Amino acid sequence: MTGAPIHLQFDDNHLLAMLYGEHDRHLSRIEQELGVSLSTRGNRLAITGPEDASESARAVLSGLYERLKRELPVSGQEVDAALRIALGEGGDAATVIDQVSGGGPMIQTRRRTISPRSPMQGEYITALADYEMVFGVGPAGTGKTYLAVAMAVQMLLQGQVERIVLSRPAVEAGERLGFLPGDMREKIDPYLQPLYDALYDNLPREQVDKKLESGEIEIAPLAFMRGRTLSNAYVILDEAQNTAPMQMKMFLTRLGDNSRMAITGDLSQVDLPGGTRSGLADALEILEGMEGVGVIRFTDVDVVRHTLVARIVRAYDRRSADQDSRDGNKKSDSLRGVQKGRPETSAK
């Protein structure tokens, strides 16, 4: 049902070009996603459409405008993030405006100010700031590793920790590290490239290189963690789904005084040999709910990469669910067949 039009008036005309986007592309995106009509005249904007959708559009536009007033960027990515937040469950207009405008949890590094691009990212940033150990679990493209690295950089710059330690299990995802050219460091570095990318995105390259040389930032395979105690550090384990249970226990028990840990992984992309239980799944089963441990579970709705990535994740999840359903039906049919052929026994 179409509600009464909602009218917005903006007091700074210089910000409207960034709010509306080149050729009004941001407005077109909001119209497309929310099913509303937006019309502008000078510094005024009218929203018409279903009542709930119009309220969501008002919250998105108001939040983005407040974001611009705080001198924070508004690109297509921020518009998509605002729409995800508005379409998320349990968010009233005031909450949406607060999160979109940058009034919610944020991470500040040398190169950028990072605000959540989905409601779950907001919870994750808060957990990274509040808990000594945080598990970020979910599909690719949800920002699990990027945000953990950004929080580590912020804490290093603020003097809350003295160093950052980034690690990954060296499990070969269909490729043989031994056939790569070079020594061990040269073989491992390409495998750890996503961690380098996140660092370079949050610190100037020369500062990253300097801190790598000084040991303020260390990037190493998981095997190099054995026997160490990591104090005054922000420690991140990426691709944690590819750890065995004993490897995960080894890593978690490296936590020293005044240290934080973030463990990220995607349980739908386990590259361990068949029959090997994932250390990430094992740790979640044992530790979830423990004091000092935060667990954030992302889903496909939290994917902040290209919209096609979210559709790809959903397609794979559907096939997996269908396969599980078929396997369950086969097992049930098999059991019924066994029971049907079993001879009756009489009570003695």
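Side-chain atoms are counted along with the backbone in the values below, which use heavy atoms only and exclude waters and symmetry mates. What you see is a predicted model, and the numbers here were worked out from it, not measured in a lab.
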Less than 4.5 Å apart, any side-chain heavy atom of [X] and any of [Y]?
X	Y	result
E31	S37	yes
F135	L287	yes
R163	I217	no
I219	L199	yes
R117	L147	no
P169	L237	yes
R205	Y200	yes
N242	L222	no

Checking [X] now: which residues fulfil side-chain contact (heavy atoms from CB on, under 4.5 Å) with it, not counting sequence neighbours?
X	answer
S75	Q77, E78
R111	P204
A46	H7, S39
E22	R25

Which value, rounded to the nearest 0.5 Å, describes the distance between [X] atom [atom1] and [Y] atom [atom2]?
X	Y	atom1	atom2	answer
Q207	D209	CD	CG	10.5 Å
L16	T40	CG	OG1	8.5 Å
T243	L272	OG1	CG	7.0 Å
E216	L156	CD	CG	5.5 Å
D80	S118	CG	OG	12.5 Å

Going hydrophobic residue to hydrophobic residue with side-chain gaps under 4.5 angstrom, can you get from [X] over to [Y]?
X	Y	value
L255	M248	yes
V100	M106	no
L72	F10	no
I97	L15	no
L8	M18	yes

If you look at every heavy atom in [X] and [Y], which pair is closest and at what distance?
X	Y	answer
V208	L203	CG2-CB, 3.6 Å
I236	A152	CD1-CB, 4.1 Å
V303	P139	CG2-CG, 4.4 Å
I107	Q154	CA-OE1, 3.2 Å
G256	S231	CA-OG, 3.8 Å

Short N-O contact, R228 and E218, less than 4.0 angstrom:
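So R228 pairs with E218 through a salt bridge.
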
So does K211 pair up with E206, basic N to acidic O under 4.0 Å?
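Between E206 and K211 there is no salt bridge, as every charged N stays at least 4.0 Å from the carboxylate O atoms.
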
Pairing residues for [X] by the side chain to side chain donor-acceptor pair (under 3.5 Å) criterion, not counting sequence neighbours:
X	result
N258	N232
D282	R277
E162	none
D24	none

Are T109 and N202 close enough that a side-chain donor and a side-chain acceptor fall under 3.5 Å?
yes

Quick one: ring-ring contact (aromatic ring centres under 6.0 Å, His included) partners of F298, sequence neighbours excluded?
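ring-ring contact (aromatic ring centres under 6.0 Å, His included) check on F298 returns Y124.
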
Exam field: side chain [X] to backbone [Y], donor-acceptor pair closer than 3.5 Å:
X	Y	answer
E123	I296	no
S54	G49	yes
S167	A220	yes
K144	G138	yes
R112	Q108	no
T253	K249	yes

Mark yes when over 12 heavy atoms from residues, nucleotides or ligands other than E71 sit less than 6.0 Å from its CD; otherwise mark no.
no

Mark yes when over 12 heavy atoms from residues, nucleotides or ligands other than N13 sit less than 6.0 Å from its CG; otherwise mark no.
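Buried by this count: over 12 neighbours within 6.0 Å.
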
Evaluate Q241 against E239 for side-chain hydrogen bond (donor to acceptor under 3.5 Å, both in side chains), listing each step before the verdict.
CA-CA 5 Å; Q241 75 275 5; E239 297 289 334; 2.6 Å; yes

Show every donor-acceptor pair shorter than 3.5 Å between a side-chain atom in residues 260-270 and any protein atom, with sequence neighbours excluded, or say none if there are none.
| unit_1 | atom_1 | unit_2 | atom_2 | d |
| --- | --- | --- | --- | --- |
| R260 | NH1 | L128 | O | 3.1 |
| R260 | NH1 | A129 | O | 3.1 |
| R260 | NH1 | Y131 | O | 3.1 |
| R260 | NH2 | A129 | O | 3.3 |
| T264 | OG1 | T145 | OG1 | 3.3 |
| T264 | OG1 | D238 | OD1 | 2.8 |
| D266 | OD1 | S268 | N | 3.0 |
| D266 | OD1 | S268 | OG | 2.7 |
| D266 | OD2 | S268 | OG | 3.2 |
| D266 | OD2 | Q269 | NE2 | 3.0 |

Begin with the C-alpha distance, continue with both residues' side-chain angles, and end with the deciding distance and a verdict on salt bridge (charged side-chain N to carboxylate O under 4.0 Å, His left out) for E288 and R297.
CA-CA 11 Å; E288 190 162 6; R297 296 181 182 275; 2.7 Å; yes

ring-ring contact (aromatic ring centres under 6.0 Å, His included): which pairs involve residues 233-260, sequence neighbours left out?
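Applying ring-ring contact (aromatic ring centres under 6.0 Å, His included) to every pair that reaches into residues 233-260, excluding sequence neighbours, yields nothing.
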
Under 3.5 Å, which donor-acceptor pairs link side chains of residues 55-67 to any protein atom two or more places apart or in another chain?
| unit_1 | atom_1 | unit_2 | atom_2 | d |
| --- | --- | --- | --- | --- |
| E55 | OE1 | R58 | NE | 3.1 |
| E55 | OE1 | R58 | NH2 | 3.3 |
| S56 | OG | D52 | O | 3.2 |
| S62 | OG | R58 | O | 2.8 |
| Y65 | OH | D11 | N | 3.2 |
| Y65 | OH | D11 | OD1 | 2.4 |
| Y65 | OH | D12 | N | 2.9 |
| R67 | NE | P73 | O | 2.6 |
| R67 | NH1 | S115 | OG | 2.9 |
| R67 | NH2 | S115 | OG | 3.3 |

Check against side chain to side chain contact (heavy atoms under 4.5 Å, CB included), M151 and I125:
CA-CA 8 Å; M151 179 61 75; I125 292 173; 4.1 Å; yes

